[in-house]
There are 2 protein chains.
Amino acid sequence: MPPKTANREAGYFATLAAERSDIALCRASTVVARAAEARANESGIGVGQHLVLKMLAEVGPSSQRILSDQLRIDRSVMVGICDGLEQAGHVRRERDAGDRRAYAVTITDSGRRLLARAEDAVPEFLDDTFADLTPAEREQLSALLAKVLRLRP
Amino acid sequence: MPPKTANREAGYFATLAAERSDIALCRASTVVARAAEARANESGIGVGQHLVLKMLAEVGPSSQRILSDQLRIDRSVMVGICDGLEQAGHVRRERDAGDRRAYAVTITDSGRRLLARAEDAVPEFLDDTFADLTPAEREQLSALLAKVLRLRP
DNA sequence: CACAGATCATCTGTCTTCAGATGATTGGCG
DNA sequence: CGCCAATCATCTGAAGACAGATGATCTGTG
């Protein structure tokens, strides 16, 4: 347990993080997000683009609305993500025949190849960013975050 | 355990969050950050301003550099935070006599009163945002985040 | 003392995120 | 059928975060 009388300045953040989990969560998020973006860029892709390709590969063609909702990416941002993927040829944007307001965003073979490369880098990335956690602790963290996000009851 | 064959679209995020703790962490952060900012605003303050007042009250007058480092707030952003606090009279910015490059940012009585009000709202806020976690789980989360942040070994 | 490099606060421009408005299209309801 | 509210993708403008440059000041070295 840290001393009751807080250190006068150095290490104040540790005290704060212990007391305010919300702050700890936000600060952890920014370092993790930075690292994730850097890793994704090494594969020549953004994190958002990676997630879009991943979802398209797993659930099939989807509208930008569904992608936005399920990936928790703002619809305005999704426009730019899909623009990039489409220009690079990793995705096709066809109008959905049944609902011509919506696109049917579809992953291409090029997209699948890029996705495969990006996915290869994920395990090592997770291992690095959660290096100080045992496998059991990583499971715990995952479960706790799911509760904070109010996912499955 | 969720079905191996992922749901075709609904609930895809739960699958993703289970697989990518980094994404779960980031998404949890944005919802928590939003809630924190909203709560702080109800006390007529920003989260950053709240943290600055809190640190000043606990460790005494500090330079903006030290505040930035310990609160993990960019030095450029700290300028605006201190501007706001100073204009509202919650903080004084005197040049440090010993090092005239640096300010000695000092909390005022007005600042202490505002801080007290803002602090009053914190326990309820934490209770709300981590409502689905037991006290033991909140401790776990705090400890795990400390490890992700590589705080104390 | 004089000078070089580091440090503090600040400013500037860029990038990301997001709320709200817009145009096209849909579905429901009379 | 014809209208109206809702929905999809997009655009626009505002706000925040941040990298890099700047001016003032400090520290250390000769």
Side-chain angles (χ1 to χ4, degrees), chain A residues 9-10 23 26-38 40-41 45-52 56 61-87 91-106, chain B residues 9-10 23 26-38 40-41 45-52 56 61-87 91-106:
Chain A
E9 80 180 39
I23 304 294
C26 293
R27 300 302 185 263
S29 169
T30 75
V31 346
V32 167
R34 262 178 209 278
E37 198 61 48
N41 289 349
I45 200 176
V47 170
Q49 294 184 338
H50 181 162
L51 295 181
V52 166
L56 290 178
S62 309
S63 69
Q64 293 181 192
R65 175 68 150 97
I66 291 178
L67 291 167
S68 289
D69 284 353
Q70 294 302 317
L71 300 177
R72 305 282 201 273
I73 295 173
D74 188 87
R75 66 195 194 288
S76 280
V77 175
M78 185 58 67
V79 174
I81 291 176
C82 289
D83 281 352
L85 288 173
E86 184 181 35
Q87 282 171 23
V91 142
R92 270 173 299 142
R93 265 204 280 210
E94 300 147 349
R95 283 286 165 186
D96 182 326
D99 183 345
R100 300 197 328 271
R101 290 170 304 186
Y103 284 130
V105 184
T106 310
Chain B
E9 82 182 37
I23 304 294
C26 294
R27 298 303 185 264
S29 169
T30 75
V31 346
V32 167
R34 263 177 206 278
E37 198 62 49
N41 289 348
I45 201 176
V47 170
Q49 295 184 335
H50 181 164
L51 296 181
V52 166
L56 290 179
S62 310
S63 70
Q64 292 181 193
R65 175 69 151 99
I66 291 178
L67 290 168
S68 289
D69 285 352
Q70 293 303 317
L71 299 177
R72 305 282 201 273
I73 294 174
D74 188 87
R75 66 197 194 288
S76 280
V77 175
M78 185 59 67
V79 174
I81 291 176
C82 290
D83 281 352
L85 288 173
E86 185 180 36
Q87 282 171 23
V91 141
R92 267 174 302 143
R93 264 203 280 212
E94 301 148 348
R95 282 287 164 186
D96 183 326
D99 183 346
R100 297 190 338 266
R101 291 169 302 182
Y103 286 130
V105 183
T106 309

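In what follows, chains carry the letters A, B, and so on, assigned in the order in which the sequence lines appear, proteins first and then strands, with residues in each chain numbered from 1.
- Residues A:S76 and A:R101 each lie close to DNA chain C; by heavy-atom proximity, the contact nearer the 5' end of the strand is made by A:S76.
- Looking at heavy-atom distances under 4.0 Å, A:S63 makes contact with sugar-phosphate atoms alone, never a base.
- Contact check for A:I73 versus B:R27: side-chain heavy atoms found under the 4.5 Å cut-off.
- Rounded to whole Å, the distance from CD1 on A:I81 to P on D:dT10 is 12 Å.
- Residue B:R34 contributes atom CZ, which lies 7 Å from atom C1' of C:dC18 at whole-angstrom precision.
- Residue A:R93 places at least one side-chain N or O under 4.0 Å from the OP1 or OP2 atom of D:dT10.
- What separates CD of A:E37 from P of D:dA19 is a distance of 14 Å, to the nearest Å.
- Heavy-atom distances to DNA chain D give each of B:G98 and A:A104 a nearest nucleotide, and the one nearer the 5′ end belongs to A:A104.
- Comparing A:Q64 and B:V77, the nucleotide of DNA chain D nearest to each residue sits closer to the 5' end for A:Q64.
- Between the OH atom of A:Y103 and the P atom of D:dT7 there is a distance of 20 Å, given to the nearest Å.
- To the nearest 0.5 angstrom, B:Y103 atom OH is 9.5 Å from B:C82 atom SG.
- When rounded to the nearest whole Å, the span between CD of B:E94 and P of C:dC8 equals 19 Å.
- One atom, CG of A:D74, and another, P of D:dA14, lie 18 Å apart when rounded to the nearest Å.
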For this session: Assess whether side chain to side chain contact (heavy atoms under 4.5 Å, CB included) is satisfied between A:T106 and A:R93, documenting all intermediate values.
Result: CA-CA 7 Å; A:T106 310; A:R93 265 204 280 210; over 6 Å; no
Problem set entry | salt bridge (charged side-chain N to carboxylate O under 4.0 Å, His left out) between B:D96 and B:R100, worked out | CA-CA 5 Å; B:D96 183 326; B:R100 297 190 338 266; over 6 Å; no
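- Taking atom CZ of residue B:R100 and atom C1' of nucleotide C:dT7, one finds them 14 Å apart after rounding to whole Å.
- Remark: P of C:dT7 and CZ of B:R75 are 12 Å apart, rounded to the nearest angstrom.
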